[in-house]
Amino acid sequence: MRTDHQAEPTEAAISALGHGTTAVAYPNIALIKYWGKRDERLMIPYVDSLSMTLDVFPTTTTVRLNPAAPADSVTLDGSPAEGEARRRVIDFLELLRERSGRSEPATVDTRNSGPTGAGLASSASGFAALALAGAAAYGLDLDRTALSRLARRGSASASRSIFSGFAICHAGRGVGAAADLGSYAEPVPAPDFDPALVIALVDAGAKAVSSRAAMRRTVDTSPLYQAWAASSKADLAELRAALWRGDLDAVGEIAERNALGMHATMLAARPAVRYLSPATVAVLDGVLWLRSDGVPAYATMDAGPNVKVLCHRADAARVADAVSDAAPGCSVVIARRGPGAWLQKGVER
Ligand code: DP6
């Protein structure tokens with residue numbers, strides 16, 4: 001919905017008319033997963049989730065308001081965005097216009113430095129960057145909590161990429177406006193926890209089933225879903241305490257069982273959703289081998305075949321070697337905790 005009312009332009013909005021407003025955001029990897037929505041329109045998750053924002057594969061997004069243009073224009077990695085990806089960005093721009101009371105079409109230019117749609121959280125970094133750049137461009141003055149709520153409307157995992165380090169996304173309670181208000185992200189303190197996350201890119205191609213479609217099917221048809229959601233609640237409480245203690249073994253054990261449980265819910269969906277490939281399983285074997293050899297290493301996987309291995313920073317090179325040996329040909333990237341989303345041009349609060 002658009003209205004004719006034009007809000008007073010802010011400094012960022014004025015700059016958005018010229019060079020545009022640019023934001024950078026990093027992907028995050030959930031240690032306690034979000035899987036399933038209880039409200040698809042408002043993008044409200046069923047379960048709380050907790051993630052680590054990474055220091056690799058940032059997304060850089062520029063939003064430029066274009067009063068003279070007949071419609072929005074969206075470019076992804078230099079090419080016009082198409083299909084679902086384009087529709088999601090345009091829906092998000094509509095939300096920004098509704099919230100700001102402005103009506104100008106926008107030009108959105110997004111660049112991912114990591115693979116897009118391969119279960120490496122490109123939608124998390126993408127919508128976090130779009131929320132920040134878009135809010136500034138349309139003159140919305142939002143604090144980080146409100147930005148995380150806004151980013152959630154693009155992709156629920158994006159709410160967490162607003163923050164650096166560890167962040168929780170609350171599923172919230174109630175319905176409608178109350179649910180929308182109650183579902184936001186906030187930082188989780190982990191003062192003595194600075195691990196490595198070794199990313200094994202076994203397949204950088206886009207996934208066959210989007211996470212959105214897969215989670216819908218899982219919620220609707222998997223007999224295991226409710227059991228996983230209940231155990232996830234207990235996992236989250238335990239993981240928070242382990243993060244606070246800086247206890248890598250406990251964090252890793254909980255994260256690994258939470259991720260394997262999430263994949264079990266998908267495997268039990270009808271028809272099954274299977275993201276794990278033979279190379280994924282080979283890396284999981286490599287992780288077991290590392291543990292049996294005395295190296296604390298724990299795996300997590302998202303909506304794709306790639307594996308992320310949590311370990312001490314001092315063990316990262318050894319873990320990277322073991323992972324490469326387990327799945328020859330996969331590329332390996334070592335990540336650490338990274339920054340929250342930030343504005344490159346324009347005004348940030
Ligand atoms: C497996 O946030 O990509 O990575 O909200 O529909 O955009 P939408 O889904 P998305 O799903 C992420 C799922 C996950 C787990 C997680 O990041 O918590």
Side-chain angles (χ1 to χ4, degrees), residues 25-54 57 59 84-85 87-89 91-92 95 112 114-131 148-163 166-172 180 183-185 188 197 199 206-207 209-220 222 225 228-229 232 235-236 239 254-256 258-267 269 273-276 280 299-308:
Y26 286 76
N28 69 75
I29 296 298
L31 303 173
I32 300 293
K33 304 295 184 191
Y34 142 60
W35 195 248
K37 297 177 186 64
R38 60 192 180 86
D39 183 323
E40 290 215 351
R41 189 182 68 83
L42 292 173
M43 305 278 287
I44 313 284
Y46 260 112
V47 291
D48 296 343
S49 54
L50 195 157
S51 63
M52 177 169 125
T53 299
L54 307 184
F57 302 144
T59 296
E84 178 73 0
R87 193 190 55 72
R88 284 175 66 177
V89 172
D91 285 352
F92 197 82
L95 179 66
N112 283 324
T116 302
L120 260 179
S122 56
S123 73
S125 53
F127 278 100
L130 181 60
S148 77
R149 248 184 230 115
L150 177 66
R152 191 203 74 232
R153 294 289 297 271
S155 185
S157 56
S159 62
R160 302 180 310 234
S161 276
I162 295 295
F163 298 98
F166 298 91
I168 183 172
C169 176
H170 299 282
D180 184 42
S183 185
Y184 60 90
V188 171
L197 199 67
I199 301 171
K207 53 201 164 203
V209 187
S210 72
S211 52
R212 192 158 293 188
M215 67 176 80
R216 184 182 302 137
R217 193 191 300 170
T218 307
V219 172
D220 290 348
S222 174
Y225 182 72
W228 174 78
S232 199
D235 282 349
L236 186 120
L239 189 122
I254 300 162
E256 191 173 285
N258 186 269
L260 288 170
M262 177 186 75
H263 282 274
T265 68
M266 298 182 214
L267 290 169
V273 181
R274 183 172 62 84
Y275 288 118
L276 312 182
T280 313
T300 185
M301 295 85 59
D302 293 292
N306 302 312
V307 186
K308 298 95 186 180

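For ligands, and for the atoms within them, numbers begin at 1 and follow the listed sequence. Note that the numbering runs from 1 along the sequence shown for the chain.
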Notebook entry, point to check: Checking R153 side chain against D91 main chain: does a donor-acceptor pair fall under 3.5 Å?
Noted result: no
Check: At a 4.0 angstrom heavy-atom cut-off, what protein residues surround ligand 1?
Finding: A30, K33, Y34, W35, K37, M43, R88, S123, S155, A156, S157, R160, S211, R212, M215, M262, D302, A303
Notebook entry, point to check: Is a side-chain N or O of Y275 found less than 3.5 angstrom from the main chain of H263, in a donor-acceptor match?
Noted result: no
Checklist line | Side-chain ion pair, K33 and D302, N-O less than 4.0 Å | finding: yes
Next item on the list: Indicate the ring-plane relationship of Y184 and H170, choosing parallel, tilted or perpendicular according to the 30° and 60° boundaries.
Entry: tilted
Margin query: Quick check on side-chain contact (heavy atoms from CB on, under 4.5 Å): which of S148, S183, S51 does S159 satisfy it with?
Written below: S148
Checklist line | Which residues share a ring pair (Phe, Tyr, Trp, His ring centres under 6.0 Å) with F92, sequence neighbours left out | finding: F127
